[in-house]
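Have a look at the structure below, then the notes.
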Amino acid sequence: MATPDTSTLTSSAQVFTAHTLPQIRAIHKSLHVQIDEKSARLRTQVGNSYRELLGTADTIVRMREDMLAAQDILAEMGGKCGRAAVGAKVAGLAKFRGQEDVEASMSKVARVKLLNACGLAVGRLLKGGLEGRGDRLMLAAKVLVLKRLLVSSFGAADDLEADIRAAVEGARKTLNSLRRRLLRAVEKVLEKTNDGVDRGDILKALTAYSLASSSGARDVLRHFLSVRAEVMAYEFDPEEHENERDTGSVLKGLDLYTRTLLDVQALVPSKLSDALLRLKKQHLLADESLQGLEGLRLDIYEKWCGDEIQYFTPFIRHDDLDGKQAKEMLTNWATKGGEILLQGLRRTLEHVSEFKAIVDLRTSILQHWIRDGGKARGFDPSVMLNGLREVIDERLLYILETKVAKLKLVGSEVTATLEAWQPGTTDQHRSLWDEEMLDMDVSGSASQVTHEVISRLYGRNDAVARVVTSYESWHHLIDTVGDLIDQLKRQRWDDDLEEIEDEDVIAARQKLLSKDDPELLQKKLDETVSEAFEELNQHLATAWKSKVDSVDNGPISMYLLRILRDIRGRLPQLESIKSFGLENVPSLHEKLASHVAISSLEEFASTALTRRRVAGRALWEGEPPLPAQPSPGTFKLLRNLVMSMGNAGLDLWAPAAVDVLKRTFGRQLIEVWTKELTSEAAEAQKTDTESEEKPSAQEENSSTETEDASSKSEKASGDKSEKDRDIYIQWLYDIYLLQQCLGADISSEESFKAFVEEIFEKTGLESDAKDRLAKASQEYWKRTSLLFGLLA
């Protein structure tokens with residue numbers, strides 16, 4: 001297929017509307033080929049043009065150089081032949097007649113030039129990099145002293161020429177500015193404890209300060225200590241570090257403190273005095289470093305400076321500081337500096353609320369002090385070590401107490417829930433088998449399904465979950481604190497690489513930092529935890545007492561029991577809190593048992609006990625006939641009780657709760673049953689009394705009628721008596737069955753025994769029949785006890 005002509009195309013739309021896909025691809029390929037060809041031609045053309053341009057530029061540069069050379073030659077020729085030049089030479093010859101005036105003028109000009117060069121040299125020296133900064137500061141100080149001498153050599157400015165007077169006035173104004181810059185550069189060196197600054201640089205900076213300010217050794221030391229104190233205070237200043245306050249300032253301040261002690265003891269008084277003395281051993285202009293500074297050109301200008309400058313020697317008091325005075329000054333500074341350091345540490349720790357961050361900072365600070373603090377001679381490192389410990393321990397104890405006090409939030413959550421209690425909503429119990437649980441997507445996260453199953457199984461509805469979550473968060477904080485205290489116990493503080501400490505000192509420090517401090521924190525933790533749990537226990541007891549007589553005391557008891565169970569399941573390992581919440585458990589169990597049993601007992605009293613006919617009488621066995629299974633009402637009673645227990649929650653029925661339920665249920669059951677028996681006896685007595693008092697309406701008509709009436713009455717009375725006897729027999733069997741269910745503790749109570757004897761007397765059975773009933777009920781319970789699993 002022929003490629004279409006791309007020169008006839010006017011737009012991209014024409015390509016896609018008038019051509020097929022192969023043609024479009026051919027057009028695309030053709031365009032790319034044309035683009036590459038044109039790009040290659042364009043590069044070739046641009047390269048050729050650039051080479052031509054470079055050649056033209058070289059030609060222009062050569063022409064410019066030739067033109068400038070010609071102009072210089074013509075100017076030189078014109079200057080040598082000009083009238084002004086000739087006149088100047090004539091005037092110069094005339095001046096040779098007064099040689100002294102000429103030398104004075106030359107001296108002024110030379111000093112002005114040297115004065116300007118000194119200003120430029122000081123500026124360049126102060127702008128230099130970090131390398132060799134001590135030497136540059138000393139050289140800058142010497143140049144500044146030379147400039148000060150040059151300015152003083154001119155005296156009053158009124159007698160000078162205009163141009164010289166302007167230069168001197170300008171130099172006098174810049175002299176103070178350069179001096180301030182020099183002093184600030186010196187302070188920067190003195191402030192540093194790292195970044196390549198060694199004691200040699202510090203010594204040279206102190207020497208430069210002495211030259212620039214004409215200070216003796218005593219004033220130099222005072223200035224050095226003052227600078228270090230200001231830097232330490234600056235590191236802890238909240239206004240200066242408001243946005244970047246961190247624990248690094250503490251380490252930097254501690255490093256400043258230790259390095260200051262070491263630097264002063266290393267430099268004062270011998271090295272500093274020797275350095276100041278060396279400045280006085282030679283004239284200023286004889287200094288090799290000053291002579292080697294190219295910008296000053298002292299080889300030319302030195303001879304024009306005059307004797308007062310050429311033979312000037314710095315006068316500095318180098319012997320006004322002895323060892324005793326230096327030690328006294330350093331001791332006073334160490335005391336004040338230690339206070340600044342401890343106060344700054346205290347202020348820094350006030351902004352740190354994490355226990356782990358403070359523990360890490362403690363490790364860094366103490367390791368830093370142990371490494372460097374003992375190197376200073378004449379200072380007891382244990383003093384500062386104890387001060388650091390006290391400040392850090394104080395903050396740790398405060399944070400520990402604050403974190404433990406958050407256990408109050410658990411009690412506050414319980415109180416808020418009880419105050420906003422809504423029956424049917426707050427105590428809603430989600431079943432493990434409801435539709436929401438069955439419809440859950442189990443293909444997702446297994447942890448979510450597990451959490452939901454556990455929450456429903458242990459009755460953790462929203463109200464309980466809020467309290468449990470709050471307690472778990474608190475417990476996690478306390479566990480973290482406990483782990484950090486254990487970490488402190490395992491720390492080793494014998495990192496003495498230089499082996500300059502005694503083993504007794506290391507052992508004492510190890511005991512102090514890894515035993516005494518952790519024991520102090522652990523003791524405080526145990527005390528505050530015990531107090532917090534005691535307060536929470538009192539809080540929960542007060543909350544329960546306020547709701548114990550309310551209508552919803554049953555659901556509230558379930559709520560509190562679940563909370564106590566979950567809290568006690570994760571109690572800290574402390575002997576003093578092992579009995580947490582136990583004094584309220586019996587009362588909670590009683591209200592729980594009453595709430596669970598009431599509905600079953602009410603239904604039993606209203607339906608089963610009022611029934612006057614024995615169901616299943618035909619199924620009785622033996623001679624005399626005795627029941628072999630309980631009445632439907634009794635079976636339903638047990639089933640309803642178990643269902644009520646299940647509806648309340650399977651997680652509530654610990655052995656103690658089941659025992660309380662059985663005891664409460666048994667007593668209430670005997671009360672209901674006795675009440676029914678008493679009412680039945682009263683009704684029977686009332687019926688017999690009415691029958692006896694009823695007058696005879698008719699006289700005896702005939703002996704036949706009398707005998708018939710008597711026989712009918714006796715038959716009816718016999719039938720009723722037989723039915724009542726069957727009911728009592730069935731009741732006795734039911735009581736024996738309930739006795740198997742409720743246990744020996746309930747059946748051994750006097751009220752229960754008296755009730756059983758009363759029913760037995762009404763049955764009219766022999767003792768062997770009674771034993772048969774007891775044995776039959778026992779066998780039946782063995783066969784069916786698993787149907788009532790929570791009670792079995």
Side-chain angles (χ1 to χ4, degrees), residues 427 429 459 548-549 551-558 560-562 584-611 629-679 730-759 774 777-778 780-782 784-792:
D427 57 344
H429 179 68
V548 68
D549 296 327
V551 180
D552 301 319
N553 55 9
I556 290 176
S557 67
M558 301 178 196
L560 293 177
L561 281 172
R562 289 188 170 104
N584 297 321
V585 171
S587 175
L588 294 170
H589 280 166
E590 289 178 2
K591 294 302 179 182
L592 171 63
S594 300
H595 175 73
V596 171
I598 186 66
S599 59
S600 303
L601 289 173
E602 288 178 353
E603 183 178 354
F604 179 72
S606 61
T607 58
L609 294 182
T610 57
R611 187 185 299 272
Q629 59 185 11
S631 63
T634 302
F635 187 88
K636 189 174 182 181
L637 170 65
L638 294 177
R639 180 180 179 278
N640 290 341
L641 180 61
V642 173
M643 293 297 294
S644 298
M645 294 171 67
N647 292 334
L650 301 178
D651 58 297
L652 295 172
W653 302 110
V658 175
D659 292 341
V660 173
L661 174 66
K662 289 181 178 180
R663 185 168 56 252
T664 303
F665 177 75
R667 291 172 181 173
Q668 293 180 357
L669 178 62
I670 296 303
E671 291 177 1
V672 172
W673 221 322
T674 303
K675 182 179 179 181
E676 178 63 26
L677 192 61
T678 303
S679 63
Q730 183 65 56
W731 282 5
L732 184 61
Y733 179 90
D734 293 343
I735 291 171
Y736 282 139
L737 180 64
L738 292 172
Q739 181 179 349
Q740 296 293 326
C741 174
L742 299 179
D745 293 339
I746 305 301
S747 60
S748 61
E749 295 183 358
E750 293 298 329
S751 59
F752 195 90
K753 290 181 178 180
F755 177 71
V756 173
E757 289 298 327
E758 183 179 358
I759 296 297
S777 63
Q778 185 177 2
Y780 183 84
W781 178 252
K782 288 182 180 179
T784 61
S785 59
L786 293 180
L787 296 175
F788 315 104
L790 292 176
L791 292 172

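Everything quoted here is computed from the prediction, not taken from an experiment.
With sequence neighbours left out, Leu652 forms a side chain to side chain contact (heavy atoms under 4.5 Å, CB included) with Met558, Leu561, Arg562, Leu592, Ala648.
The SG atom of Cys741 sits 4.5 Å away from the CG atom of Leu791 when rounded to the nearest 0.5 Å. In this structure, CZ on Arg611 lies 8.5 Å from OG on Ser631, to the nearest 0.5 angstrom. To the nearest 0.5 Å, atom CD of residue Gln730 and atom CD1 of residue Ile735 are 10.5 Å apart.
In terms of heavy-atom proximity, Ala774 sits nearest to Ser777 at O-OG, 2.7 Å. Smallest separation of non-hydrogen atoms from His595 and Pro555: CE1-CD, 4.0 Å. Taking every heavy atom of both residues into account, Thr784 and Tyr780 meet most closely at OG1-O, 2.8 Å. Residues Ser557 and Leu588 approach most closely at CB-O, 3.6 Å, considering heavy atoms. Between Leu609 and Trp731, the shortest heavy-atom distance links the atoms O-CZ2, 4.0 Å.
Listed by first then second residue, pairs satisfying ring pair (Phe, Tyr, Trp, His ring centres under 6.0 Å) with a partner in residues 636-664 number zero, not counting sequence neighbours.
A distance of 6.0 Å or more separates the ring centres of Trp781 and Tyr736.
Distance alone, capped at 3.5 Å, places no donor-acceptor pair between the Asn553 side chain and the Asp549 backbone.
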I'd like a table of donor-acceptor pairs (distance under 3.5 Å, sequence neighbours excluded) in which one partner is a side-chain atom from residues 663-672, with atom names and distances.
| residue | atom | partner | partner atom | Å |
| --- | --- | --- | --- | --- |
| Thr664 | OG1 | Val660 | O | 2.9 |
| Arg667 | NH2 | Glu749 | OE2 | 3.4 |

